[in-house]
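Taking it in order: structure first as C-alpha cells, then the write-up.
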Amino acid sequence: MGIDQNDISKAYEAQDVEDNIYSAWEKSGYFTPENLPDLEDRKEAFTIVLPPPNVTGTLHIGHAVMLAIEDAMVRFARMRGKRVLWIPGTDHAAIATQAKVEKLLIKDGLKDPRHDLGREVFLDHVEKFAVESHDTIVHQTKKMGASLDWSREAYTLDEDRSLAVRTVFKMMYDDGLIYRGDRVINWCPRCKSTLADDEVEYKEGKTPFYYFKYGPVVIATARPETKFLDKTIVVHPLDKRYKDLVGSEFEIEWIDGKIKAHMIADEAAYMELGSGAMTITPAHSLVDFEIAKKHNLPVVKIIDEDGNFTDAAGDFAGKNAHASRDAIVQKLQDKGLVDHIDEDYTHSLSVCYRCSTPIEPLPKVQWFIDVNKGFKFRASKHAPINGIKNGQEITLKELMQHVVKSNQIEVIPDRFIKTYFNWIDNLRDWNISRQIWFGHRVPVWYKGEEVYVGVEAPVGKGWEQDSDTLDTWFSAGLWTFSTLGWPKKDNDLNIYHPTQVLETGYDIIFFWVARMILMTTYALGEVPFKQVYLHGLVRDEQGRKMSKSLDNVIDPLDTIKQYGADATRLALMIGSTPGSDSKLSLEKIGSYRNFTNKLWNISRFAFMNVDEVKSMEKVEPKTLADRWVLGRFAEVVEKVTGHMEKYEFSLAGEMLRDFTWNEFADWYLEIAKVQKTQVSSSQNLVDRTDDILLYILERLLIMWHPFMPFVTEEIYKQFDSGMLIVAKWPDLDQNPPVSPLGKGGARWLKKADREAFEGLQGIIIAIRNTRARYKVNPGKKLDVTIASLETLDDQVGIIKALAKVSELTLDPNAKKPEGAAAAVSGKTKVYIPLADLVDFVAERKKLEAELADLMQYVGSLEGKLKNQSYTKNAPADVVSADKLRLEDASNKVKTLKVEIDDLPK
RNA sequence: GGGUGUGUAGCUCAGUUGGUUAGAGCGUCUCGUUGACAUCGAGGAGGUCAGAGGUUCGAGUCCCCUCACACCCACCA
C-alpha cells in the first residue's frame, strides 16, 4: 500500500492551499494563547504588539517584512512552549488619514472639504475611509500568514483605547506634566495644524540669500518677508567687530520708515556667517523665539495661520507673506538698502512630514508635555523598574534614559542606543495638540475662565470642549498596555505585560519607540517591552527606495499570488540583517519559491512507499550515512535553535537551507535510494531508512515553520499528528537524534564517521569530476578501480549509484591500468579507464597544476609549523589541526607525483 | 558641525569571541529528463575581502588613517 506519490501534486501550488491553511489555523483557535495545548505548562508569556499599520490605505513591502519577522518570532516561541500572544491592531494616524481623505474629497470636486462639510460630516467621511482601509489591511495581513490573535484586535481610536488616552492625559495634567503654553511652534499651512519637532523634515534647496543694510551693520536673510518688525541685532559676544556697539541703540531706515533698533550679544550668532550680525524675528523662528525669551524681548506675530500678514505688517496686511517677498525686496531696493543678493545659496527648507508643505513657524497656544519637570514615580507592583523607587522624584527624560542605560530594555542592533540617547539629549517639550479634527479630542473643557480636565466630560451646562485633537503618537505611545485593557482590566496586563519584544523599523524609533517608553514607564511604572528589534528598509534591487514615481514598487500581494507567501517571507528574511536596509528583487523571491518546491518534493520522496507516515520519537542509525545524517542534523538543530533564540533569522534560515538542500536532499536522499532498493539488504534496512527520512523531515518541517508556515503545515498534514503550528520544537536535551558523545564541540558526530563519510563524498566527487572533465555521457556507466586503505565494502552500492559505476574494484594495492584517468581524494586513488578518451597531455597539465597548488599549500603549512612562536602561542587544537592538514596534503602530494610519473609521455 | 552604517565573485549578500587553501544564492559556461523535484541534477570558470599603515605566531575579522557611498541628528540670520 503506502502513499502513492501521484496523490500529491508534482509541484507545490501555493495559491491552492494558503487560504485553506489560514482558515484552519483560525478555526483551531491557536492564535489565542488561552486555547494553546498544555496551557498550564506554558509558564512563560511571550507577547508582541503588532505595530499598528495606518488606516491610510494598503500594506506595502515594509509591512510584509515586519509581519514575516514577527510571525517567525511568535511561531518559534509557540513551538518552544511559551504562552504566545501577538496583538493586532490599526492606527488612526490622525494627520495622515485626514490629509488623505481631504485629497480624495478635493479630487471629487470639493474646494475646501473641512469648511464645506463641517466637523461632523467630514469626520463621517474619514471614518468610512478608515473602515475600508482597515478591512484591506486585515485581509493582506492574513495573506502573509500572520498568526495574530484577532479576538484581541484593537484600534487606536476605539473606545477602550480612547479611555486609556484620556486617563493618561488626566494623570499627566494632575502631575503638572501637561501644560498649556504660548510659544512658537511648527505650523503646516496646508494641514492647518501644528506639528511636533520630529514631524518636521528638512529638504535642501536653493534660495536667494539677501544681504540688507541695517543701520551700522549688514544683515543676511533667506526670508525678507519676516523682517518687518525686527528691532534686535544679535552678534556673538566675542566678535571684536561689534564689541563696542553691543548694548547701544540705533535709529535705522527700514521697510516702513525709521525704526529704533538695538544690539545684543548672544552665542547663537555665528561670527563666520554673513556679516556676523543678524536680526531676529521672535514670532517666526524657533531659535529666535528662544533668544527673545532669554533677553525678554517682545514677540509680535506678523504672519497668521493662513500664511498672510497680520495688521502688524502695515501696508502689506492681509497679503500672502510668501508671495509678497519680491515686493518687499523691491521696496528695500528702492530705498538703497539692498547690499547684495547671493543667488546661489543652499538652504534647508523645513516641510511637513505628511504633505511636504513648507512649515511656517508661528506663535500659538498649545498643549505640551514637559519632559524636564519632576514628578512622583508610581512603581509597578508586578514588574517594577529596577533602580527607581516608588514615590521618587524623576523627570520623563530621566526615566527614558534610565531604562535603556540600565539594560532593562535591550536594543537590537545596539548601535541605535546611541541614536536614542542623542535624540533624548536634544528633546524639547512635546507639542501634543493638533488643530485637525480626526483624532482624540483633548479632554479639557472650558466655561468662561474656568478650565476642567477629566476622563469624562464635566456635568453641568455651558462647558465647551477644547477643539484640538491629540498627536497620533500620544495614543500610539500607550499601545502595549492600552491593547491589554488598561485601565479597565488588569488580568491580561498581569500576564502579558511587559511585552517581550517590539519589532519595528528603525525609522520609527523616535516617533514611536521612544514615546512608548515615555508613556509606559510613566503610566505603569513598567517598561513596555524587554527588547527592541529594529529592521531596515526594503529597497529595490538597485538600492533605491520603492516609490510610485520610480515604478519600482514590489507589492507583497502580487508576489504572494505569483510565488506564494512562504517564498515572499523567505526572500524578506534570509539575507538581511537587523538595522540594515535590504534589497529585494523578484528573482530573489523566485529562487525561494524554488526552495519551497524542493521541500515539497523532498517530502514526496520521503512519503513514497511508506505504509504509515507517523511521528517518531527515536530512530536507529544502521549505516555510515545514517550516522552521518543524524549527527549532522543534530548539529543543525543546535545551531539553528541558537540563532532563533537570538532572532538571527537570516543565519538560521541559511543554515537550514544548506542542510535541507545540500546535505539532506543531495546526499542522504540519493543514498537512501540505494539503501532502500538494495535487494541484498534486509527489509529492516529499508524500513530504517524510511524512518530516518521521516524523522528528519518532520523536524525540518518544524524548524522551517516559522519561516514558511503554509507549505510546512500542508506537508505536515501527512503526519497525522495534529497541527504543525503547535508542534514541539526539537529538544536536544530531552530527546536528541543521536546520543551525545560528550559536552561541547563536536558531540553529535563521531570524528571517524565524519571523516569516513567525507572520504566517501570525496571519492564520488572525484569520479564525477573526471567524468565531467572528459565529457563522459552522464548515463554511461564506467568501471572504476579504487585503491584505498579504508574499508569501503559497505559503500560499494552508494558509489556505484551516485557516481554511475558499473564494475567497482576495491584493491588497496591496485596499479593504474593502461589508459586510465586517475583522481586522488585524500590517501585514496581512483582509477577510471577511459581508453582512448584520455588526453594525456591535458591530463598531465591538469595534475601538474593541481600539484603546484598543493605544494604551495604544503609549503605554507610547513613554514607555519616550523615557526616556534606559532606552535608555542597558538592553542593546541589549532596546531594539531594544522598538523593533520599537513599530513593529508603531503600524502596527496606523494600520490599525485606517482600519478604524474605513471602517465605515458 | 556631530553621529552611524556600508564597501567581500558579474549581481545580492553570509562570514559568530582573530585560527582550514574566504562561502552561498542568482547569473554565466559545459553536460544531462536515471520515477521526489527542469521550480531539477552533476561539474566548471569567477575574489591581491575599497586603499595604506599598525597590533599579533596568525587579520576579511581588532586599532589608526585615507577614499567612496548611504543614512540620522543639529544648524543654516
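First the proteins, then the strands, lettered A, B, ... as listed; each starts at 1.
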With sugar-phosphate meaning primed atoms plus P, OP1 and OP2, does [X] contact a base, only sugar-phosphate, or nothing at under 4.0 Å between heavy atoms?
X: A:Arg768; answer: sugar-phosphate
X: A:Phe416; answer: nothing
X: A:Leu669; answer: base
X: A:Ala268; answer: nothing
X: A:Ala874; answer: base
X: A:Tyr506; answer: nothing
X: A:Ile602; answer: base

Any strand: nucleotide that pairs with [N] via Watson-Crick or wobble, under 3.5 Å:
N: B:G41; value: B:C31
N: B:C62; value: B:G54
N: B:C49; value: none
N: B:G5; value: B:C69
N: B:C26; value: B:G10

Salt-bridge criterion met for [X] and [Y] (N-O under 4.0 Å):
X: A:Lys673; Y: A:Glu670; result: yes
X: A:Arg885; Y: A:Asp882; result: yes
X: A:Lys294; Y: A:Glu267; result: no

Let me know, please, whether A:Lys639 or A:Asp658 comes out on the 5' side of the other along RNA chain B by nearest nucleotide.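 In this pair, the answer is A:Lys639.
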Want to settle it: does A:Arg428 or A:Ser591 sit nearer the 5' end of RNA chain B, counting the closest nucleotide to each?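 Checking each residue's closest nucleotide, the 5'-ward one belongs to A:Ser591.
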Between [N] and [M], how far apart are the two [atom1] atoms, rounded to whole Å?
N: B:U48; M: B:G54; atom1: P; result: 22 Å
N: B:C62; M: B:U21; atom1: C1'; result: 24 Å
N: B:G7; M: B:G44; atom1: P; result: 29 Å
N: B:C29; M: B:C71; atom1: C1'; result: 40 Å
N: B:A50; M: B:C13; atom1: P; result: 15 Å
N: B:G25; M: B:C75; atom1: C1'; result: 45 Å
N: B:G46; M: B:C40; atom1: C1'; result: 24 Å
N: B:G5; M: B:G47; atom1: C1'; result: 24 Å

I'd like to know if [X] reaches the base of [N] with its side chain such that a donor and an acceptor end up less than 3.5 angstrom apart.
X: A:Glu670; N: B:A36; value: yes
X: A:Arg415; N: B:U4; value: no
X: A:Lys598; N: B:C37; value: yes

OP1 or OP2 of [N] versus the side-chain N and O atoms of [X]: is any pair under 4.0 Å?
X: A:Trp423; N: B:A74; value: no
X: A:Lys583; N: B:U12; value: yes
X: A:Lys10; N: B:C37; value: yes

Could you check if a side-chain atom of A:Leu802 sits within less than 4.5 angstrom of a side-chain atom of A:Ile767, using non-hydrogen atoms only?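 A:Leu802 does not reach A:Ile767 side chain to side chain.
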Measure from the side-chain heavy atoms of A:Tyr202 and tell me the nearest of B:G19, B:C73, B:C75.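 Out of B:G19, B:C73, B:C75, the nucleotide with an atom closest to A:Tyr202's side chain is B:C75.
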[X] to [Y] - nearest heavy-atom pair and separation:
X: A:Val184; Y: A:Pro282; result: CG2-O, 3.2 Å
X: A:Ala571; Y: A:Tyr592; result: CA-CD1, 3.6 Å
X: A:Asp425; Y: A:Lys397; result: O-NZ, 3.7 Å

Can you tell me which residue among A:Trp600, A:Trp704, A:Tyr12 is in a ring pair (Phe, Tyr, Trp, His ring centres under 6.0 Å) with A:Phe595?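 Single ring pair (Phe, Tyr, Trp, His ring centres under 6.0 Å) partner of A:Phe595 among A:Trp600, A:Trp704, A:Tyr12: A:Trp704.
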Mutual orientation of the aromatic rings belonging to A:Tyr211 and A:Phe209 [parallel < 30°, tilted 30-60°, perpendicular > 60°]: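 Rings of A:Tyr211 and A:Phe209: perpendicular, as their planes differ by over 60°.
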Between protein and nucleotides 29-34 of chain B, what N or O pairs are separated by less than 3.5 Å?
from: B:U30; atom 1: O2'; to: A:Lys775; atom 2: NZ; distance (Å): 3.4

